[in-house]
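Computed over heavy atoms, backbone and side chain alike; hydrogens, waters and symmetry mates excluded. Each ligand, and each atom within it, is numbered from 1 in the order the structure gives. Residue indices begin at 1 and follow the sequence shown.
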Amino acid sequence: MAMTATKTSYRTCPLCEATCGLEIVTQGREIMTIKGDAQDIFSQGYICPKAYSLKELHEDPDIIRQPMVRYGEEWRIVSWDEAFAHIEQHLMPLLQRYGRNALAMYAGNPNVHSLANQLFIPTLIHAAGTQQLFSASSVDQLPKQVSSGLMFGTSLSVAIPDIDHTDYLLLLGANPLVSNGSLMTAPDMRGRVRRLLQRGGKIVVIDPYRTRTAQEASEHYAIRPGTDALLLFAIVQTLFAENLLAPGCLGEYLNGLEQLRELAQPFTAEQVAPRCGIAAETIRTLARELAAAPRAVVYGRMGTCTQEFGTLASWLVDVINILTGNLDRAGGALFPKAAAGARNTSGVGGRGRGIGYGRWKSRVRGLPEFFGELPSSCLAEEIETAGDGQVRALITIAGNPVLSTPNSSRLQAALGTLEYMVSVDIYLNETTRFANVILPPAPILTRSHYDITFYQLATRNIAHYSPPVLAHEEGMVDEWVILLRLAGILSGQGAQVDPALLDDMAMTTLIKREVTTPGSRLAGHNVKELLAMLQPRTGPERVLDFLLRSGPYGDGFGAQPDGLSLTMLEQHPHGIDLGPLQPRIPEVLRTPSGKIELAPPLLVADVARLQVALERPAEGLVLIGRRDLRTNNSWMHNLHVLTKGKERCTLHVHPDDAARLQLCEGTIAQVSSRVGTVTLPVEITDAIMPGVVSIPHGWGHGLLGTRMHIASEHAGVNINLLTDETQYDMLSGNAVLNGIAVTVTTRDIVSPPTVA
Ligand SMILES: Nc1nc2c(c(=O)[nH]1)N[C@H]1C(S)=C(S)[C@@H](COP(=O)(O)OP(=O)(O)OC[C@H]3O[C@@H](n4cnc5c(=O)[nH]c(N)nc54)[C@H](O)[C@@H]3O)O[C@H]1N2
Ligand SMILES: Nc1nc2c(c(=O)[nH]1)N[C@H]1C(S)=C(S)[C@@H](COP(=O)(O)OP(=O)(O)OC[C@H]3O[C@@H](n4cnc5c(=O)[nH]c(N)nc54)[C@H](O)[C@@H]3O)O[C@H]1N2
Ligand code: SF4
Ligand SMILES: [Mo]
């Protein structure tokens, strides 16, 4: 028998924000090897252990490959047409009866790692016409987007630490050596951290846990969870008090400097020190070092976002970078200039409309919308609470809110009462088991890839397109086609509508918007001509080609013949380097004032809440989360390569707390919060600070009705049975996932769960 030839493909890894280049060898449909692409212009061969798991993921027998409809407890495989007909038949009458807001949508993290979903979810949202939109953003980085949006004018104008050129990195609530970096896209964080230290630079980590990043750093200070905004304010106060301000050429673009000085006054190092658990002299030293370093940068991530003062902390990170003159300069924090899809490269630069928020409010709790979304902490109550606008149907797209959002038991109970639910997903898991219909997209390696979002957050300007590694098999449907067919149903065009028509409509709308945008390179161009020039491409490729060509490096459809286009990216399978990040102020700004807003009213108003916290005594034991190298939130625990070995879903306890609570290594502890209780084994470690315990998120598998065999064998417990949906950052609505008050006992000495 003739051997099938092998094929070598280059593909950006879609599993985390680092965007590493992979070299994948296939033979027929089989993946032979996966390794780092040594020629990748960004990652140069670096990969982490998760990349290899793409092979097992591709072969996982539990992955759903055909649409399924649930009848009671039983799932039946159906044709795509039957699945969509079922949805039309059941969903549309509900919406006709109860209105558009009876439908909620929840979009999870993998959407951001999918070119197709990034480009086509907006079409689906438009067709749905509901205000009940939720996503993983509000259990993650939303506060940073809110503060950046208010200060600089768009939701993705996030200043990124220039880790490769800085001399001093103050890192709060992030563990890039394990997470591989977030809101700081760059492969090989370990290499970058080591090079920073080798060139004589300094890294200071602020974290309740001595993480792997903290272990590599020059210094580590354990902080009481939830108090970063206090610490950062005290650094700001010190900069003012000791006359260390040096905003340099940013000065002329700043609004609100004097107001900031006044706001900072009460937050002296002495005042905040007992709350943060960090000595006043250390705080002042940090301020002085930041001011003295030739190039310094402050960077905060998950730990600073998913807490009570997430937006204030996120804001103060940028404030310090600005006051020390480190925003918008090499070695400080810079704004990427992405090749495609960035709001802050569109239209006339230098000023804009700013961000929209509060255009509607959540029905039950009255929390404001940000960027078109409501906080995920509100989803359960929107389903439970009767009245006009009650959620009766849900579509989840690549999301597992049952394991990812606060107070899982309440959400699970609520999902069980829905009248109809659709999940676009690849597993029958803790969330999708509630669905009536599951629509499984074609596997990852059959899709093309381009990191529309992460190149807007990268430490270097690059562009990299990957064509599909494998061809479709019979019956596979691309995720963008699924999304468009759902959009067809929701817009009343019926289950049978041709997705190609909707694709054309979406493309035309996008082109029309661009040619009517003042300052666009394509302003005044003819829509039909542009459409013709994009032929014969369709779907994500056509949109991407349009975004690249109309973008800041693009060929402008002929105006700049050597400029970027998808064709050019196709000729460069290892990516195209567009150079290091460059200063972009004022052109990057899209605030109505054309200035950097140092003291946006919304943030200023929230400072009063922080002042109250300053007076508040430190609570008892609190819970934080953690990540480890071989996880990817909740969804990759069905792979043997990532789950084998020692149990990782354990309770980390400091030896002092263990002694006080009579916990030994391996003891089964019972951890209780206001909302729930879990039991899990204890691991004693002095890496965690006293008064704080930790449980990783993403576990808690093996629930009735799921179909993830390996995950069930390593079930672990769900930390979000303890996190509390009534605790959120009041400004952004983002969930508090760190600093949850808990009690811990051994299982034998059972005390009733604390009720607030
Ligand atoms: N306590 C606590 N909770 C947390 C966190 C924490 O640190 N602590 N972290 C939070 C963070 S940062 C995040 S981002 C969220 C994540 O929250 P979610 O996005 O809700 O959860 P994931 O675990 O990413 O689940 C992804 C889902 O997408 C499916 N999936 C995977 N690939 C695809 C695909 O290609 N297409 C489709 N359609 N589906 C796919 C998976 O089967 C799974 O159902 O969790 C948050 N929750
Ligand atoms: N291996 C792996 N990599 C991942 C993921 C994964 O699940 N596994 N998930 C991906 C996703 S979706 C994201 S968003 C990123 C997250 O990327 P990171 O933010 O870099 O990762 P985390 O491990 O969540 O780091 C948060 C840190 O904050 C600390 N912390 C907790 N509370 C506080 C506090 O109040 N103050 C301070 N200063 N620190 C605090 C925690 O101890 C922890 O070390 O990781 C991504 N990469
Ligand atoms: S670091 Fe992230 S992008 Fe790179 S190989 Fe690992 S999972 Fe993939
Ligand atoms: Mo995340």
Please list the nearest protein heavy atom to [atom] with its residue and the distance rounded to 0.1 Å.
{"atom": "atom 16 (C) of ligand 2", "result": "M302 CG, 3.6 Å"}
{"atom": "atom 5 (C) of ligand 1", "result": "H697 CD2, 3.3 Å"}
{"atom": "atom 11 (C) of ligand 2", "result": "R627 NH2, 3.6 Å"}
{"atom": "atom 1 (N) of ligand 1", "result": "N720 OD1, 2.8 Å"}
{"atom": "atom 32 (N) of ligand 1", "result": "I426 CD1, 3.6 Å"}
{"atom": "atom 45 (O) of ligand 2", "result": "S179 CB, 3.2 Å"}
{"atom": "atom 34 (C) of ligand 1", "result": "R447 NH2, 3.7 Å"}
{"atom": "atom 44 (O) of ligand 2", "result": "D207 OD2, 2.7 Å"}
{"atom": "atom 7 (O) of ligand 2", "result": "N633 N, 2.8 Å"}
{"atom": "atom 25 (O) of ligand 2", "result": "N175 N, 3.7 Å"}
{"atom": "atom 26 (C) of ligand 2", "result": "G173 O, 3.3 Å"}
{"atom": "atom 17 (O) of ligand 1", "result": "S404 OG, 3.0 Å"}
{"atom": "atom 23 (O) of ligand 1", "result": "S634 OG, 2.5 Å"}
{"atom": "atom 38 (N) of ligand 1", "result": "E479 OE2, 2.7 Å"}
{"atom": "atom 41 (C) of ligand 1", "result": "D425 OD1, 3.3 Å"}
{"atom": "atom 36 (N) of ligand 2", "result": "D228 OD1, 2.6 Å"}

At under 4.0 Å between heavy atoms, which part of [X] makes contact with ligand 2: side chain, backbone, both or neither?
{"X": "T211", "result": "side chain"}
{"X": "N180", "result": "neither"}
{"X": "I223", "result": "side chain"}

Would you name the heavy atoms of V641 and R630 that are closest together and state the gap between them?
O-NH1, 3.3 Å
Considering the heavy atoms of D628, write down every atom of ligand 2 situated less than 4.0 Å from one of them.
1 (N), 2 (C), 8 (N)
Within a distance under 4.0 Å of any heavy atom of G226, pick out the atoms of ligand 2 and give their elements.
34 (C), 35 (O)
Okay, side chain of H697, backbone of S404: is any donor-acceptor separation there less than 3.5 Å?
no
Can you say whether the rings of Y450 and Y455 are parallel (under 30°), tilted (30 to 60°) or perpendicular (over 60°)?
perpendicular
Below 30° counts as parallel, above 60° as perpendicular, anything between as tilted: where do the rings of H637 and H701 land?
perpendicular
Any side-chain heavy-atom pair from [X] and [Y] closer than 4.5 angstrom?
{"X": "F371", "Y": "L142", "value": "yes"}
{"X": "H714", "Y": "E647", "value": "no"}
{"X": "Y299", "Y": "N321", "value": "no"}
{"X": "L15", "Y": "S53", "value": "yes"}

Return a yes/no value for T405: is any of its N or O atoms, backbone included, closer than 3.5 angstrom to an N or O of ligand 1?
no
If you measure every N/O of T723 against every N/O of ligand 1, is any gap under 3.5 Å?
no
Non-hydrogen atoms of R626 versus ligand 2: any pair closer than 4.0 Å?
no
Give a yes/no on ligand 2: does G739 have at least one heavy atom closer than 4.0 angstrom to it?
no
Is the F233 to W315 ring centre distance short of 6.0 Å?
yes
Rounding to 0.5 Å, atoms OG1 (T311) and CZ (F370) come to a distance of 7.0 Å
